[in-house]
Amino acid sequence: MAEKQTEEKKSALPSKSNFSEWYNELLLTGEIMDVRYPVKGLYVWFPFGFDVRKRTYAIIRELLDKDHQEALFPLLIPETEFMKEAEHIKGFENEVYWVTHGGKNELDVKLAMRPTSETAIYPMYKVWVRSHADLPIRIYQIVNTFRYETKHTRPLIRLREITSFKEAHTVHATWDEAAEQVKEATRIYQEFYRRLAIPTIVSKRPDWDKFPGADYTMAVDTLMPDGKTLQIGTAHHLGSNFAKTFDIKYENLNGEQVYAHQTCYGISERSIAALISIHGDDKGLVFPPEVAPVQVAVIPIIFGNSEDIIKACSDVAEVLKKDGIRVALDTSDERPGAKYYRWEMKGVPVRVEIGPRDLKNNVATIVRRDTGGKETAPLANILEEVRKRFEAVHKSLFEKASNSLNERIINCDTLEEVKERITNGIARIPWCLERECGLAMEEAVGAGILGVPEGDLGSGTGKCPVCGKGTQNMAIMAKTY
RNA sequence: GGGGCCGUAGGGUAGCCUGGUCCAUCCUUCAUGCUUGGGGUGCAUGAGACCUGAGUUCAAAUCUCAGCGGCCCCA
């Protein structure tokens, strides 16, 4: 009986190899999101999960605040503005929520709940942009957006209310400057994800998959444990498409009124989905120290009446706290093993245990969450020892995730090969860049072309599997979320 | 877009096919007390559930329909 109980306890969280179940269960057990809110596609952030979100978004803010400004635009967009950009509407018309009534009165002009904020922001940009001296403008906001998703919704991944949409909207004098900004955006996003120990691939989306109204779209993807890719950031070059519809002009040095060029780029709570999914394991959450709500759990190992132990633990906790480390001193009267499981579930990167054996030798036992490795360290250097482990944890999480990504990029020559192997990850295959060939490839394989990645990944030599023409471009294909 | 499965305490479940034996089973969780304490201590006591609505019936967790919600597969 006792053994049976143990079995059941251990299986509280499904194995990560059963990704879907593991993910859903972990969100609840790890207190990230409560998925029980009774409206499809809407979920609740637990305080703990919200803490992770705050710390994650603090990194985005830190990176953007160097040359962006944060602002806040309204949620509701009048139909008259929303309908201005034809291509843009087409991209969203089936998923917009409309506010049609104020109380019992029908509104003269319906209000769209933003699915994204171009049409809320650009009427204001029209007013704000007067002269070349006003440019560039780099503004971002972090808001909720609404999309009436008809496909399978998933917490943090496919939502009807995206609660954490960081969208930046920039205005530039020239197309080239805007293109530079798009590059800068993907650079910032890659840096952001490095801070989260998440490896990424940046690629230019095929033309048929770009943002509605954009000249082109750059996307940041990562690979989830189940072999599907997750788009975790996009940057769009809008050219002067929106500037023309919203009449955003500036006076140049020659005194002429000319259209501005724009970009927009965004990140959502999918970043948190990636964070949790990529690092988590069968025991629960695993966080890089920077975003872990609790960075160190201090656990006294008590035998009977052990004031010395408690004292030593709270001294350690104080030393760490003084240095700004987020510490939980667990003096609850559970057994140590139960405490270990609990803090492991919560993703605490480093655990410090002090028991009679340690105290006698003036050491503490330090355990890393990512590897489970136990080491002893002198109490006198506890701060350094912990800091050292933070770095090591971050580094090894990133390495592990990068290896896992690279191992699952599979070079293919034929579409049959792609189709066969794509369930395990990303297929890399020559592509001539022609639209017809690309669409045929997607059709044949039953998966999308993410694009031609930046760097070595996107270049090589081979023949397009459809038309047979020689090409230097390598595309990546994958099942996507 | 097409198809299938499902909804019972905070979480996981038994019961449903064949309506009554169910003021609903077991595990976990939570509360209180004692006990215990280097990987989920043990015991005692207690708390907590049939998704919503309509229908069939003497009788519905169980059958029918609708709504809401969840999951899976295919395009």
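Remember, it's a predicted structure, so these values are computed and weren't measured experimentally. Just the heavy atoms: all of them, side chains too, but no hydrogens, waters or symmetry mates, feed the values below.
- Here the nucleotide nearest the side chain of A/Pro356, chosen from B/G70, B/G38, B/G11, is B/G38.
- For the pair A/Asp330 CG and B/G38 C1', the interatomic distance rounds to 15 Å; values are reported in whole Å.
- As rounded to whole Å, 19 Å separates atom P of B/G40 from atom CH2 of A/Trp343.
- In this structure B/A31 sits in a base pair with B/U45, meeting the Watson-Crick or G-U test at under 3.5 Å.
- Using the Watson-Crick or G-U wobble rule with both distances under 3.5 Å, B/G1 pairs with B/C74.
- Which of B/C72, B/G70, B/U35 sits closest to the side chain of A/Thr153 comes down to B/G70.
- Nucleic acid contact class of A/Lys151 (heavy atoms, under 4.0 Å, all strands): none.
- Between A/Asp333 atom CG and B/G38 atom P the separation is 13 Å, expressed in whole Å.
- For the C1' atoms, the distance linking B/A14 with B/C74 amounts to 33 Å, nearest Å.
- If you take atom P in B/A31 and the same atom in B/C73, they sit 38 Å apart, rounded to whole Å.
- Residue A/Arg335 places none of its side-chain N or O atoms closer than 4.0 Å to OP1 or OP2 of B/G39.
- Using a 4.5 Å cut-off on side-chain heavy atoms (C-beta onward), A/Thr217 and A/Asp209 make no contact.
- Here, B/U36 and B/G42 have their P atoms 14 Å apart, quoted to the whole Å.
- The partner of B/G67 is B/C51, judged by Watson-Crick or G-U wobble contacts that both fall below 3.5 Å.
- A distance cut-off of 5.5 Å between ring centres, combined with a plane angle under 30°, places A/Tyr341 in a stacking arrangement with the base of B/G40.
- Listed for the A/Tyr97 side chain is no donor-acceptor partner under 3.5 Å among the backbone atoms of A/Pro115.
- As the counterpart of B/A9, no nucleotide is assigned, since no Watson-Crick or G-U wobble pattern has both distances under 3.5 Å.
- Within 4.0 Å (heavy atoms only), A/Glu21 reaches no atom of the nucleic acid at all.
- Base pairing of B/C17 is not made with any nucleotide, judged by Watson-Crick or G-U wobble geometry with both donor-acceptor distances under 3.5 Å.
- B/A49 and B/C26: their C1' atoms are spaced 14 Å apart (whole Å).
- Looking at heavy-atom distances under 4.0 Å, A/Gly372 makes no contact with the nucleic acid at all.
- For the P atom pair drawn from B/C43 and B/A60, the interatomic distance equals 40 Å after rounding to whole Å.
- Judged by distance alone, with hydrogens and angles left aside, the side-chain atoms of A/Asn144 form no donor-acceptor pair with the main-chain N or O of A/Ile162 at under 3.5 Å.
- Across all strands shown, nothing is found opposite B/A61 as a Watson-Crick or G-U wobble partner with both distances under 3.5 Å.
- Of the candidates B/G39, B/G38, B/C71, the closest approach to any side-chain atom of A/Val367 belongs to B/G39.
- Pairing partner, B/A24: none, since no Watson-Crick or wobble contact has both distances short of 3.5 Å.
- Listed nucleotides: B/G37, B/U41, B/G70. Nearest to the side chain of A/Phe303: B/G37.
- Comparing A/Arg160 and A/Lys283 along RNA chain B, the residue whose closest nucleotide (by nearest heavy atom) sits nearer the 5' end is A/Lys283.
- For A/Asp358 against B/G38, a side-chain N or O and a base N or O form a donor-acceptor pair under 3.5 Å.
- The same atom, C1', is picked in B/C50 and in B/C16; the two are 11 Å apart, to the nearest Å.
- At B/C72, one or more side-chain N or O atoms of A/Ser20 fall inside 4.0 Å of OP1 or OP2 (strictly under the cut-off).
- If you check the side chains of A/Tyr481 and A/Asp226, you find a donor sitting under 3.5 Å from an acceptor.
- One C1' atom belongs to B/U62, the other to B/G55, and the distance between them is 15 Å to the nearest Å.
- With hydrogens and angles left out, the side chain of A/Arg342 and the base of B/G39 share no donor-acceptor pair within 3.5 Å.
- Between A/Phe92 and A/His88, the gap from one ring centroid to the other is short of 6.0 Å.
- Following rounding to the nearest Å, A/Phe19 (CZ) and B/C72 (P) show an atom-to-atom distance of 11 Å.
- Heavy atoms of A/Arg357 sit under 4.0 angstrom from at least one base atom.
- Atom CD1 in A/Ile309 sits roughly 18 Å away from atom P in B/U36 (whole-Å rounding).
- Summarising the local packing, NZ of A/Lys40 is surrounded by more than 12 heavy atoms from other residues, nucleotides or ligands at distances under 6.0 Å.
- Side-chain atoms of A/Gln231 and A/Thr480 include no donor-acceptor pair closer than 3.5 Å.
- One can place CD of A/Glu95 at 15 Å from C1' of B/G1, the figure rounded to the nearest angstrom.
- Residue-to-nucleotide proximity on RNA chain B shows that, of A/Lys40 and A/Thr365, the 5′-proximal contact is made by A/Thr365.
- Atom P of nucleotide B/U29 and atom CG of A/Leu28 are separated by 15 Å, given to the nearest angstrom.
- A/Glu443 comes within 4.0 angstrom of nothing in the nucleic acid, heavy atoms only.
- Straight-line distance between the C1' atoms of B/U52 and B/G7: roughly 11 Å, to the nearest whole Å.
- A/Leu457 pairs with exactly one of A/Val452, A/Val202, A/Ile409 by the side-chain contact (heavy atoms from CB on, under 4.5 Å) rule, that one being A/Ile409.
- Spacing between atom CD of A/Glu25 and atom P of B/G11 amounts to 10 Å, rounded to whole angstrom units.
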